[in-house]
Amino acid sequence: MNRRYGNAQTIGSNVTQNTYFLMKQIGDGLLSVLADGTIDSVTGAYAAILTCETIAKGIVSLEDLDSQLERQFSHAAALLNERMYKGRQPRVSVLAACFIKDKMFYRSVGDLFLVSYNGRGLTVEQEEAGQLDRKNITTLLCSQGVWQALTEIEVEKLLAGRKHPYEKAQRIIEAVNNRNLKNQRSALAVIVT
């Protein structure tokens, strides 16, 4: 199944871009991983990059995705602890979603959002891990900076219509930037249809 996706991000009022994402094709599946270093520093940026790269590198097949995601989240946390945080609690939010046919397997830790739009309304997923039906669903994976600036109604309007996911993601970040919030966090939006 061909998936379309798009992305956009803004640094907000931060000095360092501390959000990172990547997309990876795995057989007939598409993996998306987002991370937010949660602090405005080079350490936060490096933590986001290390987390995404570690998780994506470790997902090598579409078999037993729940277990693979759990293992790779644990592996990423161990690397962060070893290389950066030295026994302190890592300050990274991470969300990974793998789309296969009409299903999506996901795992999330921290303050990132997994949003489903079915053409009639939004659903923000509350569970830390699971499997969802994705037939005729637009999925938004985003950082806290998006929700800091926009309401659910605004996000719903920006996800509506037939535009390519890249255009929709660009419009979301443009709307975030137009808010001109004094303490705007970095914002990242990835849309998969």
Side-chain angles (χ1 to χ4, degrees), residues 1 3 5-9 11 14 16-116 124-134 139-147 165 169 185-192:
M1 168 177 265
R3 295 239 176 241
Y5 62 88
N7 64 279
Q9 65 187 68
I11 197 168
N14 288 349
T16 304
Q17 178 67 45
N18 60 339
T19 57
Y20 186 76
F21 83 100
L22 60 77
M23 308 293 281
K24 178 181 176 182
Q25 193 76 36
I26 306 170
D28 292 334
L30 178 68
L31 175 68
S32 178
V33 185
L34 284 71
D36 184 345
T38 68
I39 55 176
D40 183 20
S41 71
V42 173
T43 301
Y46 178 65
I49 293 167
L50 179 64
T51 300
C52 286
E53 298 287 342
T54 300
I55 291 170
K57 185 178 180 182
I59 306 292
V60 294
S61 75
L62 300 176
E63 301 297 319
D64 197 19
L65 277 171
D66 292 328
S67 295
Q68 283 192 74
L69 286 169
E70 184 177 359
R71 276 193 310 274
Q72 292 313 310
F73 270 56
S74 294
H75 182 59
L79 280 177
L80 287 171
N81 191 7
E82 173 189 319
R83 293 184 184 176
M84 298 176 62
Y85 292 99
K86 309 289 185 206
R88 295 172 293 152
Q89 181 70 26
R91 295 175 60 188
V92 178
S93 295
V94 62
L95 168 61
C98 192
F99 299 86
I100 308 165
K101 297 181 182 173
D102 289 336
K103 299 285 183 202
M104 177 187 69
F105 296 83
Y106 71 94
R107 179 168 284 279
S108 180
V109 173
D111 295 326
L112 297 175
F113 296 88
L114 179 61
V115 181
S116 301
V124 180
E125 304 306 329
Q126 303 295 320
E127 301 297 322
E128 293 178 356
Q131 178 183 332
L132 297 170
D133 181 18
R134 294 287 92 183
T139 303
L140 167 66
L141 303 97
C142 66
S143 68
Q144 199 173 44
V146 171
W147 290 110
R185 294 184 63 163
S186 59
L188 169 62
V190 175
I191 299 172
V192 180

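Only heavy atoms go into these numbers, but all of them, side chains included; no hydrogens, no water, no symmetry mates. All figures in this text were calculated on a predicted structure; none of them were measured in a lab.
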Enclosure of Glu127 CD (heavy-atom neighbours >12, cutoff 6.0 Å)
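Count not over threshold, so no.
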To the nearest 0.5 Å, how far apart are [atom1] in [X] and [atom2] in [Y]?
| X | Y | atom1 | atom2 | result |
| --- | --- | --- | --- | --- |
| Cys52 | Leu95 | SG | CG | 9.5 Å |
| Leu34 | Thr51 | CG | OG1 | 11.5 Å |
| Leu112 | Ser143 | CG | OG | 7.0 Å |
| Glu63 | Ile26 | CD | CD1 | 11.5 Å |
| Phe105 | Leu132 | CZ | CG | 10.0 Å |
| Glu128 | Arg107 | CD | CZ | 8.0 Å |

State, to 0.1 Å, how close [X] and [Y] come at their nearest heavy-atom pair, and which atoms those are.
| X | Y | result |
| --- | --- | --- |
| Lys103 | Arg134 | C-CG, 3.9 Å |
| His75 | Thr54 | CD2-CG2, 3.2 Å |
| Pro165 | Gly6 | CB-N, 3.5 Å |
| Ala8 | Ala169 | CB-O, 3.5 Å |
| Ala48 | Gly37 | CB-N, 3.9 Å |
| Tyr106 | Gln131 | CE2-N, 4.0 Å |

Report yes if the side chains of [X] and [Y] come closer than 4.5 Å at any heavy-atom pair, otherwise no.
| X | Y | value |
| --- | --- | --- |
| Phe21 | Asn7 | yes |
| Val146 | Phe113 | no |
| Leu141 | Val192 | yes |
| Met23 | Leu31 | no |

Just checking, any donor-acceptor pair under 3.5 angstrom between side chains of Asp36 and Thr19?
no
Gln9-Ser186 side chain donor-acceptor pair, cut-off 3.5 Å
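Absent: no donor and acceptor within the cut-off.
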Are the side chain of [X] and the backbone N or O of [Y] linked by a donor-acceptor pair below 3.5 Å?
| X | Y | result |
| --- | --- | --- |
| Arg71 | Ile59 | no |
| Gln25 | Gly29 | yes |
| Lys24 | Ala56 | yes |

Using side-chain hydrogen bond (donor to acceptor under 3.5 Å, both in side chains) as the criterion, list what pairs up with Ser93, not counting sequence neighbours.
none
Looking at residues at least two apart in the chain, or sitting in another chain, which of them share a side-chain hydrogen bond (donor to acceptor under 3.5 Å, both in side chains) with Asp66?
none
Is there a side chain to side chain contact (heavy atoms under 4.5 Å, CB included) between Gln68 and Ser61 once you walk through the steps?
CA-CA 9 Å; Gln68 283 192 74; Ser61 75; 3.4 Å; yes
